[in-house]
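One structure is given below, encoded as structure tokens.
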Amino acid sequence: MSDPQSPISSPQSPISDVRDLFPITQTHAFLNHAAVAPFSRPVAEAMQQSIAWRLNLAPLAADEEAWATTHARRSAARLVGADEAEICLTRNTSHGLNIVAAGLPWRPGDNVVTAQTEFPANVYPWKNLARKGVTVRFAPARDNRVLVDDVAALMDDRTRLVAISFVEFATGYRNDLVALADLCHARGALLCVDGIQGVGALPLDVGQVPLDFLAIGGPKWLMGPIGTGFLYVRRQHIPTLDMAMAGWMGTTDIHEHFRYDLPWRDDARRFEEGSLNVVGAAGLDAAIKLLLSVGIETIEERIMALTDRLIEGLRERGYQVITPIAHRHERSGIISFQHSRHDPAQLEQRLTEANVVISRRGAFIRASPHFYNDEEDIDRLLLALP
Ligand SMILES: Cc1ncc(COP(=O)(O)O)c(C=O)c1O
């Protein structure tokens, strides 16, 4: 088995210190960040601090709310290269996608193009537009790859939006967002991205990828709390995206309790209609700050080195890698595999008994290591396989 030379795989490197921030490493080879990730200590501490504040200083709770949410938005903006004004906090990915779906000016006969391999979170908000006469078209996957040409072939002059994941949840295929954004804009359509399976693991800069909307949830690759997330709305769309839900927090002065004629904020916070999940925001902020302190490029390199090792070990053992791996730029933190003779449920059981945490998705096993995992975690998985 190869031993990939990564600058962060040596014992002196900062990654070994970072690993200590994840108590889960003491008991498990946790390789399931595409599902729900464990907390790091800084995330747990930030949330505990937020709770302690409320326990002891409740009269100042509004200050805490403003502090936590402002910082979370700011961190989210830094993570994806956005302006803070283009970020609103959400409950989850679906919430962000629904803000977009409910806010665009649909006309009967319009259509949305998505892919057959999307997680349902990125399908139902668009199918829900059937009541407005909007249909959803599904691009096929060929050898688990969503080809830009297949998306293009489904588009026509009534295609208003393409809704696609940064990384496909089951196979780990990394979509070509630049090509998709260019395609959409050349055809007068918008690109809305479900970023939850990629952002936090792989770089995505909205300054370089001209997508229009990006919805993300906290608990996977960001390693933040369940029930948190954010939506990026490109600045030019903020004034025109209708607010399907409106509230006092979206106005220009939340302290003006007796006026009902306030204008809406001119930033994406107009989509935050009411009070937010403050403890969650504190956790989300700490989670993103930890990733930023390591550096997303470093994280991506680390994930690629670990998944290289995994792919090689799987092949040596006769497993079939489902994830498209021929081109590195199409890979992500997700590697899915199967074996012609081993039942996936039995594989899952073997791995669970060895304290190796993965997911079973249909006929295959999905492994998804993050930057703080090490070679031993990968080897634990490989050694537990029959
Ligand atoms: C691609 C993708 N989108 C969204 C979600 C979850 O959606 P939400 O954050 O709305 O719960 C998942 C969860 O597995 C996912 O894989």
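Numbering of ligands and ligand atoms starts at 1, following listing order. Values in this document were obtained by computation on a predicted structure and should not be read as measured data.
Side-chain N/O atoms of Asp212 and His185 include a donor and acceptor closer than 3.5 Å. A donor-acceptor contact closer than 3.5 angstrom links the side chains of Thr307 and Arg331. Between the side chains of Asn111 and Thr135, no donor-acceptor pair of N or O atoms lies under 3.5 Å.
Near ligand 1, Asn92, Thr93, Ser94, Phe119, Ala121, Ser165, Phe169, Asp194, Ile196, Gln197, Lys220 each place a heavy atom less than 4.0 angstrom from the ligand.
Side-chain rings of Phe337 and His342 stay apart, their centers remaining 6.0 Å or farther from each other.
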> Going through the distances and angles, do Gln49 and Glu45 end up as a side-chain hydrogen bond (donor to acceptor under 3.5 Å, both in side chains)?
Replying inline: CA-CA 6 Å; Gln49 216 171 36; Glu45 281 160 14; over 6 Å; no

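Between Tyr173 and the choices Val167, Val146, Ile322, Asn144, the side-chain contact (heavy atoms from CB on, under 4.5 Å) rule is met once, by Val146.
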